[in-house]
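Below, each value reflects all heavy atoms present in this structure, side chains not excepted, and no hydrogens, waters or symmetry copies.
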Amino acid sequence: MKTNCKKWKYLLCAMAVMTAFSSNPYSTLAADMQVRLVDNVGKKQETTSDKMNSAENNREFAVTAGAADVLDTQDFYVARTVIADASASEKESLEKSIIKKSNALAAFTKGMMVLQPQLLPESNFVMAKVNEYANIRKDAAQDSEKVGVLYKDCGGDILEKNDEWTKIKSGDVTGWIKNEYLHFGKEAEELAKEVGVLTAYSNTETLRVRKEPNLEAGIVGLLADGQAVEAIAEEGDWVKVSYEGATGYVASEYVRVEFGVDTAESMETIKAREAAERERAAAAAEAKRVQRKEAVMATATELEILGALIQCEAGGEPYEGQVAVGAVVMNRVRSSGYPNSITEVIYASGQFVPASGGRMESLILNKTTRASCMQAAQEAINGVCNVGDALHFRRNNGRPGLVIGNHVFW
């Protein structure tokens, strides 16, 4: 009899401990157990002999009582007495019931411990929290070597983080940046949605851009293999795109759609760009010296590049919208945060989709840029500006800014 009591004592204690761990507020099973505990509090007011009056009730109590009740001296005595008085078949049934409940509670508790951290996964993405740029350093120290620059509206992925610094990878740059210069979590994701660009790349030789999402609709224009346009949304078998400022549709099976934000610039790239800018400045000075002879030839390339960009971005916009796109480019040329030439501003990595998609080159080589776009480019170069100090534009998506045609400028 003593051996059996000791055996059941250990089983009941194990059950009690597992029940106690399972009484987490996240658990509906634990909540049900707590109701039983409340019911059993009243039972504590009874005497031991009163509890012994009903063997069936006492057996139920022995199996379902919570940790607080079982570990109570009086309740444990009742449970032990009931088991001791039970028949062999009843003891076997009670033993199986206790073990079954113990295993279930153990599995539930383990599952909660594993799953709970996954309920709110932490974002691994960051965006720059600066007006112009922040330095990325080799080590987490202010005097460490600078390895790159993270500009406004650029993002990256977290590799490591401490209280003051975060190690990120952005483009081909890996290094440390102060936490105060970064947006984390939801803020970073929301900003990325605002400034990120969805781009559609043609993967067929000649892709028709249609006015409506059906094969019978009229054609807005054509895209060659590898050419890119800004994607507005994916709509089933079609992708809604911005083609020369107008809305069009391309069949989704013939394009590759990618979403991205601008990334950091390495010091090697910055140094190479600055060296190229110095060379261009020297060339510009020489061109200015001989301008009387070659004025048209000296300015034709920059003018054609800007005109082609305006057609790709706003060819279908009113003339005011075409001038506005050119004015944004010229504002960047004048800004210290961007290169100081039209060519470098337009071809800077990740800035203008048409510059990397091949459409501009086609317009320039074939001399097919519209006259209005060329005129808008010339006016912008001459100093006409109808967007204030705006350095950015995109299709109007409701964000604050100056709305001209289908674009918003800020």
Side-chain angles (χ1 to χ4, degrees), residues 194-202 207-213 217-224 227-235 238-250 255 257 303-332 342 345-348 350-364 366-381 384-388 390-410:
E194 291 183 15
V195 302
V197 176
L198 197 64
T199 303
Y201 296 88
S202 171
L207 177 61
R208 296 174 177 84
V209 182
R210 299 188 179 274
K211 294 181 180 179
E212 300 294 337
I219 298 174
V220 178
L222 302 174
L223 292 176
Q227 288 188 343
V229 290
E230 180 182 351
I232 301 171
E234 296 182 76
E235 301 179 356
W238 295 85
V239 178
K240 188 176 183 180
V241 300
S242 174
Y243 182 89
E244 296 188 358
T247 298
Y249 295 85
V250 294
V255 293
V257 179
L303 178 62
E304 287 179 353
I305 290 172
L306 182 56
L309 175 70
I310 290 173
Q311 177 163 326
C312 289
E313 294 283 12
E317 293 290 299
Y319 182 73
E320 182 185 12
Q322 295 175 2
V323 174
V325 169
V328 166
V329 173
M330 298 312 298
N331 280 346
R332 290 190 179 193
I342 293 173
V345 164
I346 292 176
Y347 284 102
Q351 296 302 306
F352 297 97
V353 171
S356 62
R359 293 193 59 242
M360 283 178 50
E361 285 75 9
S362 177
L363 292 173
I364 295 169
N366 296 318
K367 304 291 184 183
T368 53
T369 304
R370 296 173 190 169
S372 65
C373 296
M374 293 297 294
Q375 183 179 340
Q378 187 64 68
E379 286 206 49
I381 290 173
V384 174
C385 181
N386 58 352
V387 294
L391 296 171
H392 308 274
F393 72 93
R394 67 174 301 160
R395 285 191 63 83
N396 183 15
N397 62 349
R399 72 163 291 147
L402 173 65
V403 177
I404 299 177
N406 292 312
H407 288 126
V408 58
F409 298 80
W410 73 97

Taking Glu244 for the side chain and Cys312 for the main chain, is one N or O donor matched with an acceptor at less than 3.5 Å?
no
How many angstroms lie between CG in Asn406 and CG in Asn396, if you round to the nearest 0.5 Å?
8.0 Å
Run Ile381 and Met330 through side chain to side chain contact (heavy atoms under 4.5 Å, CB included) and show every step you take.
CA-CA 7 Å; Ile381 290 173; Met330 298 312 298; 4.2 Å; yes
Working to the nearest 0.5 angstrom, can you tell me the gap between Asn386 CG and Leu402 CG?
7.5 Å
Between Ser242 and Arg394, do the side chains contain a donor N or O and an acceptor N or O under 3.5 Å apart?
no
How close do Val384 and Val323 get, counting heavy atoms only, and between which atoms?
CG1-CG1, 4.0 Å
Does the side chain of Val257 come within less than 4.5 Å of Glu234's, by heavy atoms?
yes
I'd like to check the ring-ring contact (aromatic ring centres under 6.0 Å, His included) partners of Phe393; sequence neighbours left out, ordered by chain and number.
His407, Phe409
Are side-chain heavy atoms of Val229 and Val353 found at a separation under 4.5 Å?
no
Between Glu313 and Val325, the two heavy atoms sitting closest are CB-CG1, 4.2 Å
Shortest non-hydrogen pair, Cys373 vs Ile310, comes out as O-CD1, 3.9 Å
Using atom types as modelled and distance alone, determine if a side-chain donor or acceptor of Arg210 lies under 3.5 Å from a backbone N or O of Ile219.
no
Find the distance between CD (Glu379) and CG (Leu306) and round it off to the nearest 0.5 Å.
11.5 Å
Please report the closest heavy-atom contact between Ala327 and Ala380, naming both atoms and the distance.
N-CB, 3.9 Å
With a 3.5 Å distance limit and no angle check, can you tell me whether Asn331 reaches the backbone of Gly388 through a side-chain donor-acceptor pair?
yes
In a check of side chain to side chain donor-acceptor pair (under 3.5 Å) between Thr247 and each of Lys240, Lys211, Arg395, which one passes?
Arg395
Distance-only, no hydrogens or angles: does the Asn366 side chain make a donor-acceptor pair with backbone N or O of Thr368 under 3.5 Å?
no
Non-hydrogen side-chain atoms of Ile305 and Met360 separated by less than 4.5 Å
yes
Going through the distances and angles, do Val329 and Ile346 end up as a side chain to side chain contact (heavy atoms under 4.5 Å, CB included)?
CA-CA 7 Å; Val329 173; Ile346 292 176; 4.1 Å; yes
Do you know which two heavy atoms are closest between Leu303 and Gln378, and how far apart they sit?
CD2-OE1, 3.4 Å
Would you say that Val241 contacts Ile232 through its side chain, given a criterion of any heavy-atom pair below 4.5 Å between the two side chains?
no
If you measure only the distance, is there a donor-acceptor pair under 3.5 Å linking the side chains of Ser372 and Gln322?
yes
Determine yes or no for a side-chain-to-main-chain donor-acceptor pair under 3.5 angstrom, with Trp238 supplying the side chain and Pro213 the backbone.
yes
Go through the side-chain N and O atoms of Arg359 and Tyr243 and say whether any donor and acceptor fall under 3.5 Å apart.
yes
Exercise: identify the closest heavy-atom pair between Ala308 and Leu363
O-CD1, 3.9 Å
Here the gap from Ser202 atom OG to Leu223 atom CG, rounded to the nearest 0.5 Å, amounts to 5.5 Å
Check whether any side-chain heavy atom of Thr199 lies under 4.5 Å from a side-chain heavy atom of Glu230, and answer yes or no.
no
With sequence neighbours left out, the residues meeting side chain to side chain contact (heavy atoms under 4.5 Å, CB included) with Arg332 are Val328, Tyr338, Val345, Gln351, Phe352, Leu391, His392
